[in-house]
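Reviewing the structure listed below.
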Amino acid sequence: MLEDDNDPNFVDTVASSYFSQTPTDIHAVEQILYAIPVDPAKVETILFKFKGASSSFGANKVTIEINKMIDCLRRGDMEGCKAGLPILKQEFDTLKNKLGAYLKLLRQDKPSSSSTGANY
């Protein structure tokens with residue numbers, strides 16, 4: 001429903017943008033989390049930015065893991081926050097793999113569906 005004749009690749013464009021930016025955000029969180037000394041404010045700033053992008057994109061499981069990491073930061077539990085990073089990465093990878101495969105199928109189907117006038 002987000003795509004129309006004016007922007008038939010809207011969903012693909014948004015997904016590509018999210019999937020290309022997210023590894024940069026995860027890497028930034030990782031770098032700051034493992035810096036000595038850790039700057040919790042910087043970690044939280046990046047997590048909030050990442051949370052906004054993930055929420056807007058609809059990446060619910062990623063957003064849940066970000067919230068858990070933010071909760072750990074607020075409690076001063078840096079080890080808990082660090083422990084959440086691999087889970088966050090896994091949720092992102094799972095989303096990217098599943099949605100990526102789905103979008104690939106849609107791209108393959110687009111020429112035939114557009115010729116028949118079908119919407120997906």
Side-chain angles (χ1 to χ4, degrees):
M1 294 179 70
L2 295 173
E3 295 180 349
D4 61 22
D5 291 337
N6 294 326
D7 196 359
N9 299 318
F10 178 78
V11 173
D12 200 15
T13 301
V14 171
S16 293
S17 176
Y18 178 75
F19 291 141
S20 67
Q21 180 59 42
T22 296
T24 303
D25 293 337
I26 291 173
H27 181 72
V29 169
E30 190 168 34
Q31 292 298 308
I32 295 170
L33 267 179
Y34 288 94
I36 298 175
V38 175
D39 185 344
K42 282 185 181 179
V43 176
E44 189 171 23
T45 298
I46 293 170
L47 285 174
F48 270 111
K49 176 184 171 255
F50 186 19
K51 178 182 173 180
S54 297
S55 294
S56 295
F57 185 66
N60 295 336
K61 289 185 178 183
V62 173
T63 303
I64 288 167
E65 294 308 319
I66 293 169
N67 284 335
K68 288 178 184 177
M69 291 177 71
I70 291 170
D71 288 343
C72 286
L73 278 175
R74 290 183 175 166
R75 291 191 319 266
D77 180 8
M78 284 305 192
E79 292 308 310
C81 189
K82 288 177 183 178
L85 190 59
I87 300 166
L88 175 66
K89 288 178 179 181
Q90 181 60 47
E91 291 299 343
F92 170 72
D93 288 342
T94 299
L95 174 66
K96 184 176 180 180
N97 291 334
K98 288 182 179 181
L99 190 57
Y102 176 73
L103 290 172
K104 184 177 178 182
L105 287 172
L106 288 179
R107 275 186 240 117
Q108 291 173 353
D109 189 45
K110 239 180 197 172
S112 63
S113 64
S114 63
S115 64
T116 61
N119 282 325
Y120 53 85

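The residues of the chain are indexed from 1 along the displayed sequence.
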message: Surrounding NZ of Lys42 (heavy atoms of other residues, nucleotides or ligands, distance under 6.0 Å), is the total greater than 12?
response: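 12 or below, so no.
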
Quick check: is [Y] connected to [X] through a chain of hydrophobic side chains (ILVMFWY, heavy atoms under 4.5 Å apart)?
X	Y	result
Val14	Leu95	yes
Leu85	Ile70	yes
Leu47	Val38	yes
Ile46	Ile87	no

message: Determine whether a donor-acceptor pair (N or O, by modelled atom type, separation under 3.5 Å) exists between the side chain of Ser17 and the backbone of Thr13.
response: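 No; zero donor-acceptor contacts below 3.5 Å.
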
task: Scan Thr22, Leu88, Thr94 and name whichever one has a side chain to side chain contact (heavy atoms under 4.5 Å, CB included) with Val62.
output: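 It is Leu88, the one option of Thr22, Leu88, Thr94 that forms the side chain to side chain contact (heavy atoms under 4.5 Å, CB included) with Val62.
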
Only counting residues at least two apart or in another chain, list the ones meeting side-chain hydrogen bond (donor to acceptor under 3.5 Å, both in side chains) with [X].
X	result
Lys51	Asn67
Lys49	Asp25
Lys68	Glu65

Quick one: [atom1] on [X] to [atom2] on [Y], what's the gap to the nearest 0.5 Å?
X	Y	atom1	atom2	result
Ser54	Asn60	OG	CG	9.5 Å
Met69	Cys72	CE	SG	8.0 Å
Leu73	Lys82	CG	NZ	11.0 Å

Considering only distance and modelled atom types, tabulate donor-acceptor pairs under 3.5 Å from the side chains of residues 26-34, sequence neighbours left out.
{"residue": "Glu30", "atom": "OE1", "partner": "Lys89", "partner atom": "NZ", "Å": "3.4"}
{"residue": "Glu30", "atom": "OE2", "partner": "Lys89", "partner atom": "NZ", "Å": "2.9"}

query: Listed by chain and number, what are the salt bridge (Lys or Arg N to Asp or Glu O under 4.0 Å) partners of Glu91, not counting sequence neighbours?
result: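 Counting only residues at least two positions away or on another chain, Glu91 forms no salt bridge (Lys or Arg N to Asp or Glu O under 4.0 Å).
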
query: Between Asp12 and Ser16, does a side-chain contact (heavy atoms from CB on, under 4.5 Å) hold up when you go through it step by step?
result: CA-CA 6 Å; Asp12 200 15; Ser16 293; 3.9 Å; yes

query: Looking at Thr24 and Ser20, what are the two nearest heavy atoms and their distance?
result: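 For Thr24 and Ser20, the tightest heavy-atom pair comes out as OG1-O, 4.0 Å.
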
query: With Phe57, which residues qualify under ring-ring contact (aromatic ring centres under 6.0 Å, His included), at least two apart?
result: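 Phe57 satisfies ring-ring contact (aromatic ring centres under 6.0 Å, His included) with Tyr18, Phe19 once adjacent residues are dropped.
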
